[in-house]
Amino acid sequence: MEEEDDHPVPNDAGLSEDQENDTFLDDTGDFIDMNDAIEVKVDDDDVPMDDDDDDEDVVDETITAADDDNNMNDAPVVPDMSKFQATSHTDAVYSVAAFLENGKLSFLSGGGDDKAFFHTISTASDAAVSTQPLPYPHTDTVSSVAFNLPYVSDDPQKTPRLAAVGSYDGTILIYDVDNQTQKLKLEGPSDVEWLSFHPKGGTVLLAGSGDGTVWMFHVPLNRCLQVFVGHEGAVSAGAFSPDGKWALSASADGTLRIWAPKTGLNKHVFRLGDAGLTCLATHGGSDGMLVMVGGEDGKSHVCHIGTKKVVATLTHFDTPVNPPGMASGDNENDDDEPEEMEFPMSVEAVGFSPSQPYWCATGGVDGKLKIWDLSRDGQCRQVCVPENSGTSPPDSITRLQWHPSLPLVFAASISGAVRLWDARTGTLLATLTGGAEQINDMDIQFVPNSGIAILVTASDDKTVRIFEVDVNALL
């Protein structure tokens, strides 16, 4: 049975129950019985979303050679500040995942060329990137890649070192990190939108699909444990809760759902409006149980997993009353249909600060990064606006990531730049430029006992770039 929240509360609340270390405990504290794994469908009265065919309008454009030359001459030269580039892909790169270990950076990439690559580079030298193509012949875009390395123990028998590659062709390939050999293929989803490993050992994998389902696999057993059914739109983002007890999913249907991994039941539904949800972040609050989602309507919602309450609704984009270019008396003729204005309002990236647990950030299509303080009723602390904020269209933010120990935020954009902001003051500390095309994904690793941050970005220009920045030198 589903529970729904109708009365948001203004403050955070912690969980009263102890935080067990066991993987997958339900509310009774029982372990998963592998023989009890079932597929459960949530009974919902709403009509499922129809699949609409996307019609693409083809526009023929003729550009003279002279015009083309003039445009190229007028285009500003963007300096490539990246330290390394991986150019194995022949189409846009949509996903990256990185891991830094013993002075070696390993990173996965997936692209629109239906290929995935495993890259390594020594951070202690100026050696070139070593690239290994992963062998499985995907038939559609490689949309998501992930490592389980942050969660493994020292015993490889209990927690093997794995890399996962998901594609729009519906397959998930599991590879051995150390030798890049294919271990197994998981199937089930109609397509794969995202992947997330379980934080207790990294042997269980969560995968979201465009068909509204969420799949949970036990990788060493090559077994599907659950299929979570209930969303009425594509599942755009998801993850396990930090304690591993719950699976979380955000959807284009405007809901954030909490699932019980053992039973497959939908424990709670946050119905957050009609607008689709685009992104999700976990590990918020003093107890780590706040989850945050961004929406296409320019709003972000912060919810508590334990109390099942909406803690705050943050309005990232305020729709102007009188938009520029429209007079107050426009469209008053009854014979004219009112024009519907489109605004750059969608929130595309969200995240919690590890160093300030009640601070969070939202990044939007409007090109603005906003810093919020949940301990002060969701007060907006800073609005970080790039130097080219007057451009049209704006330099939309696609990804953001907080520094693990400092109140700093990295924000990637459609211009190919990554900006580093001080969340305390709203000061722009650095702008890292590479290609002039959109960054689709970003992962950042931090060198222990130093101020060095290593950024890995995936871009529309078919390139994975590696940047290095000494954060301490900027403060």
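Nothing here was measured: the structure is a model prediction, and the numbers come from that model.
With 3.5 Å as the limit, one finds a donor-acceptor pair spanning the side chains of E348 and S346. With hydrogens and angles left out, the side-chain atoms of T181 and D176 include no donor and acceptor closer than 3.5 Å. Of the N and O atoms on the side chains of W215 and S209, not one donor lies less than 3.5 Å from an acceptor on the other residue. Remark: the N440 side chain and the Q438 side chain contain an N/O donor-acceptor pair separated by less than 3.5 Å. Using modelled atom types, one finds no donor on one side chain facing an acceptor on the other under 3.5 Å when comparing S353 with Y358. In this structure, a donor-acceptor pair under 3.5 Å is absent between the side chains of W194 and S196. A donor-acceptor contact closer than 3.5 angstrom is absent between the side chains of D422 and T427. With hydrogens and angles left out, the side-chain atoms of S153 and T159 include a donor and acceptor closer than 3.5 Å.
With Q382 contributing its side chain and A423 its backbone, the two residues share no donor-acceptor pair below 3.5 Å. A side-chain donor-acceptor contact under 3.5 Å links S396 to the backbone of V365. When atom types are taken as modelled, the side chain of N148 and the backbone of F197 share no donor-acceptor pair closer than 3.5 angstrom. A distance-only check finds no donor-acceptor pair linking the side chain of S249 to the backbone of G238 [under 3.5 Å]. No donor-acceptor distance shorter than 3.5 angstrom exists from the side chain of T255 to the backbone of R257, with no hydrogens or angles considered. In this structure, the side chain of S251 engages the main chain of G233 through a donor-acceptor pair within 3.5 Å. A donor-acceptor distance shorter than 3.5 angstrom exists from the side chain of T463 to the backbone of D461, with no hydrogens or angles considered. When atom types are taken as modelled, the side chain of D443 and the backbone of A98 share a donor-acceptor pair closer than 3.5 angstrom. With H138 contributing its side chain and D140 its backbone, the two residues share no donor-acceptor pair below 3.5 Å.
Aromatic rings from H403 and F446 are positioned such that their centres are separated by under 6.0 Å. Checked against the 6.0 Å centroid criterion, the rings of F352 and H283 do not qualify as a close aromatic pair.
Ring planes of W402 and W359: tilted class, angle from 30 to 60°. A perpendicular orientation is assigned to the rings of W259 and H231, their planes being inclined by more than 60° (bins at 30° and 60°).
With salt bridges taken as basic N to acidic carboxylate O contacts below 4.0 Å, one links R399 and D441. D91 has no carboxylate O lying under 4.0 Å from a charged side-chain N of K115, or vice versa, which leaves the two without a salt bridge. The pair K200-D243 does not meet the salt-bridge criterion, since no charged nitrogen lies less than 4.0 angstrom from a carboxylate oxygen. The pair D366-K370 does not meet the salt-bridge criterion, since no charged nitrogen lies less than 4.0 angstrom from a carboxylate oxygen.
With R161 as reference, D178 is the one residue of D154, D178, D155 to meet the salt bridge (charged side-chain N to carboxylate O under 4.0 Å, His left out) rule. With H119 as the fixed residue, the ring pair (Phe, Tyr, Trp, His ring centres under 6.0 Å) test singles out one of F107, F99, F84: F107.
At a threshold of 4.5 Å between non-hydrogen side-chain atoms, the residues V204 and M216 count as touching. Side-chain atoms of Y175 and L162, non-hydrogen and from C-beta on, never get closer than 4.5 Å to each other.
Residue pairs satisfying the side-chain hydrogen bond (donor to acceptor under 3.5 Å, both in side chains) criterion with at least one member in residues 292-302, sequence neighbours excluded, are listed as follows: H301-T313.
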